[in-house]
Amino acid sequence: GHNSFLKLKREMLRAYGPTCKCCGEDSEVFLTLEHVNRDGSEHRKKVGGGANTYRDLRNRGWPQEGYTVLCMNCNWATRFGGVCPHQ
């Protein structure tokens, strides 16, 4: 349920950083995983999306290469190859 997802998300934030790498937002509720190499949709298709994405990374020891944390605003701003207005 929601609590197990939140626990997993907090583990993800400990692994990849507790703030948005772009703007510094630190409210947990706004933060999300960013696939640096734009391969998020392939990753979600492969593992099933949602909490499964975090679970897959945890099972692989939270690989540092290719992942970071952004807030939802910065994540959406760059979603289709755009540059975040903060940059």
- prompt: Quick check: does any side chain N or O of K9 sit under 3.5 Å from a backbone N or O of L31, one acting as donor and the other as acceptor?
  reply: yes

query: What's the spacing between D39 CG and K45 NZ if we round to 0.5 Å?
result: 11.5 Å

query: Can you tell me how far CZ of R60 sits from CZ of R55, rounded to the nearest 0.5 angstrom?
result: 14.5 Å

message: Within this structure, what is the OG1-CG distance for the pair T68 and L70, rounded to the nearest 0.5 Å?
response: 6.0 Å

- request: Taking atom CG of D56 as the centre, report whether more than 12 heavy atoms of other residues, nucleotides or ligands fall under 6.0 Å from it.
  value: yes

Linked, directly or transitively: L13 and F30 (ILVMFWY side chains, under 4.5 Å): no

query: Please walk me through it: do L57 and H43 pass side chain to side chain contact (heavy atoms under 4.5 Å, CB included)?
result: CA-CA 10 Å; L57 292 171; H43 189 197; 3.9 Å; yes

query: To the nearest 0.5 Å, what is the distance between CE (M12) and CD (E28)?
result: 9.0 Å

- request: Please confirm whether the backbone N or O of A15 pairs with a side-chain atom of Q64, one donor and one acceptor, at under 3.5 Å?
  value: yes

task: Kindly indicate whether the side chain of C22, heavy atoms from C-beta on, has any atom under 4.5 Å from the side chain of C71.
output: no

- request: Just do the salt bridge (charged side-chain N to carboxylate O under 4.0 Å, His left out) check on R58 and E11 with the steps written out, would you?
  value: CA-CA 8 Å; R58 182 179 63 188; E11 280 185 53; 3.4 Å; yes

- prompt: So with a 6.0 Å cut-off around CH2 of W76, is the heavy-atom count from everything else above 12?
  reply: no

- request: Take the angle between the ring planes of Y16 and Y67 and call it parallel below 30°, perpendicular above 60°, tilted in between.
  value: tilted

- prompt: If we only count heavy atoms from C-beta on, is the H35 to N37 side-chain gap below 4.5 Å?
  reply: no

task: Go through the steps to decide whether E34 and K21 satisfy the test salt bridge (charged side-chain N to carboxylate O under 4.0 Å, His left out), and finish with yes or no.
output: CA-CA 10 Å; E34 168 74 356; K21 290 297 186 289; over 6 Å; no

pair F5-Y54: side-chain heavy atoms closer than 4.5 Å: yes

task: Determine, using the 4.5 Å side-chain heavy-atom cutoff (strictly less than), whether V69 and M72 are members of one ILVMFWY cluster.
output: no

statement: Separation between CD (E25) and NE2 (H86), nearest 0.5 Å, reads 9.0 Å

